[in-house]
Q: 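Sharing a structure below in structure tokens format, with a few things to ask.
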Amino acid sequence: MVDDQPGIRLLLTDILSSEGYQIMTAATGKEALDKIYSNTFDLIILDYNIPIIDGEKLLETLEKENKEVATIVISGLVEKIMDKVEQSKLVRKVIAKPFNISDFRLQVHSVLTETD
């Protein structure tokens, strides 16, 4: 879970933990890359507008290094980023902020079960 807003990280961690998922969080793109390099993940939930290394650059870096991790992008500016994220082979879903928690759970489950 990569988001620079502590409240969103906490909320989504609580929600997904209650569903039985193990969650690791990062506040910046750099922190996320460091964790991705040292761990294995089934899914990245990525806020597109994050500091140090933004979502676009993070996705580009992962693709260049052949790190294939299914990604859900969340953003308050979905219309502005769709062209860029649709080009990424890692992005499985794009979810607009604010989002419905029940829908979010279903989207996460959907992505994780399609990659099994």
Side-chain angles (χ1 to χ4, degrees):
M1 161 97 39
V2 188
D3 198 305
D4 60 330
Q5 296 178 9
I8 290 181
R9 285 195 313 270
L10 181 62
L11 172 67
L12 296 182
T13 297
D14 285 348
I15 290 164
L16 296 174
S17 293
S18 73
E19 298 284 316
Y21 299 114
Q22 293 180 329
I23 310 299
M24 189 174 288
T25 64
T28 69
K30 168 137 181 28
E31 184 182 357
L33 280 176
D34 291 344
K35 290 182 178 186
I36 291 165
Y37 292 146
S38 59
N39 298 278
T40 301
F41 296 97
D42 296 321
L43 176 67
I44 298 171
I45 299 170
L46 175 64
D47 180 19
Y48 201 72
N49 188 20
I50 50 175
I52 303 178
I53 298 173
D54 67 14
E56 180 180 4
K57 185 67 175 170
L58 188 144
L59 289 168
E60 287 174 6
T61 302
L62 293 176
E63 286 182 13
K64 283 180 190 169
E65 297 179 8
N66 294 315
K67 293 272 189 188
E68 296 201 22
V69 183
T71 303
I72 294 175
V73 172
I74 56 176
S75 176
L77 303 169
V78 168
E79 311 80 38
K80 293 185 178 184
I81 67 165
M82 283 307 287
D83 288 342
K84 292 178 184 176
V85 297
E86 286 177 340
Q87 295 173 20
S88 172
K89 65 182 179 184
L90 301 178
V91 177
R92 302 294 190 273
K93 304 250 185 230
V94 179
I95 300 174
K97 288 181 180 177
F99 47 81
N100 175 289
I101 297 301
S102 296
D103 291 344
F104 179 79
R105 280 186 192 139
L106 291 173
Q107 299 285 358
V108 168
H109 181 73
S110 168
V111 170
L112 287 171
T113 55
E114 78 185 21
T115 60
D116 284 347

Q: Give me the atom names and distance for the closest heavy-atom approach of Ile81 to Ser75.
A: CD1-CB, 3.6 Å

Q: Treating Ile, Leu, Val, Met, Phe, Trp and Tyr as nodes and any side-chain heavy-atom pair under 4.5 angstrom as an edge, say whether Ile95 and Ile101 lie in one connected cluster.
A: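 Result: yes, single cluster for both.
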
Q: Determine the minimum heavy-atom distance between Ile23 and Ser17, stating which atoms define it.
A: CG1-OG, 3.8 Å

Q: Do Leu112 and Glu19 have side chains that get closer than 4.5 Å, going by heavy atoms?
A: no

Q: Can you measure from NZ (Lys89) to CD (Glu68) and round to the nearest 0.5 angstrom?
A: 4.5 Å

Q: Return the minimal non-hydrogen interatomic distance between Ser18 and Ile15, and the atom names on each side.
A: OG-O, 2.7 Å

Q: Go through Tyr48 and Leu77 one step at a time and tell me if the side-chain contact (heavy atoms from CB on, under 4.5 Å) criterion holds.
A: CA-CA 9 Å; Tyr48 201 72; Leu77 303 169; over 6 Å; no

Q: Determine the sole option in Thr71, Val91, Ile72 for which the side-chain contact (heavy atoms from CB on, under 4.5 Å) test with Val111 is passed.
A: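 Only one option passes, and that is Ile72.
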
Q: At what distance, to the nearest 0.5 angstrom, does CZ of Arg9 lie from CD1 of Ile45?
A: 13.0 Å

Q: Around atom NZ of Lys35, are there more than 12 heavy atoms from other residues, nucleotides or ligands closer than 6.0 Å?
A: yes

Q: Atom CE of Met1 and atom CG of Leu12: how far apart are they, to the nearest 0.5 Å?
A: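 That separation rounds to 4.0 Å.
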
Q: Any link between Val85 and Val78 through a network of hydrophobic side chains (Ile, Leu, Val, Met, Phe, Trp, Tyr) touching at under 4.5 Å?
A: yes

Q: Walk me through whether Ile44 and Leu90 qualify under side-chain contact (heavy atoms from CB on, under 4.5 Å).
A: CA-CA 9 Å; Ile44 298 171; Leu90 301 178; over 6 Å; no

Q: Could you tell me which non-hydrogen atom of Leu59 sits nearest to which non-hydrogen atom of Ser88, and how far apart they are?
A: CD2-OG, 4.1 Å

Q: Could you pull out all residues at least two apart from Tyr21 that satisfy ring-ring contact (aromatic ring centres under 6.0 Å, His included)?
A: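 Applying ring-ring contact (aromatic ring centres under 6.0 Å, His included) to Tyr21 gives none.
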
Q: Nearest 0.5 angstrom please: Tyr37 OH to Leu62 CG, how far?
A: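 Tyr37 OH to Leu62 CG: 6.5 Å, rounded to 0.5 Å.
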
Q: When rounded to the nearest 0.5 angstrom, what distance separates NZ in Lys30 from CD1 in Ile53?
A: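 Taking NZ in Lys30 and CD1 in Ile53, the distance rounds to 6.5 Å.
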
Q: Between Val2 and Val69, is there a shared hydrophobic cluster once you connect ILVMFWY residues whose side-chain heavy atoms come closer than 4.5 Å?
A: yes

Q: Hey, does Ile74 have a side-chain heavy atom less than 4.5 Å from the side chain of Asp47?
A: yes

Q: Is Asp54 paired with Lys84 through a side-chain N to carboxylate O contact shorter than 4.0 Å?
A: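 Salt bridge absent between Lys84 and Asp54.
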
Q: So if you build clusters from Ile, Leu, Val, Met, Phe, Trp, Tyr with side-chain heavy-atom gaps below 4.5 Å, do Met24 and Leu11 land together?
A: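 No, no single cluster joins them.
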
Q: Heavy atoms only: give me the nearest Pro51-Ala27 pair and the separation to one decimal.
A: CD-O, 3.7 Å

Q: Identify whether Phe99 and Leu16 are in the same connected component of the hydrophobic contact network (ILVMFWY, side-chain heavy atoms under 4.5 Å).
A: yes

Q: Evaluate the criterion side-chain contact (heavy atoms from CB on, under 4.5 Å) for residue pair Ile36 and Glu65; output intermediate values, then yes/no.
A: CA-CA 11 Å; Ile36 291 165; Glu65 297 179 8; over 6 Å; no

Q: May I ask you to check whether over 12 heavy atoms, not counting those of Asp4, lie within 6.0 Å of atom CG?
A: yes

Q: Does Leu33 reach the side chain of Thr61, with side-chain heavy atoms less than 4.5 Å apart?
A: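 When only atoms from C-beta onward are counted, Thr61 and Leu33 do touch, with a gap below 4.5 Å.
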
Q: Can you measure from CG (Leu58) to CD (Glu60) and round to the nearest 0.5 angstrom?
A: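 It comes to 10.0 Å.
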
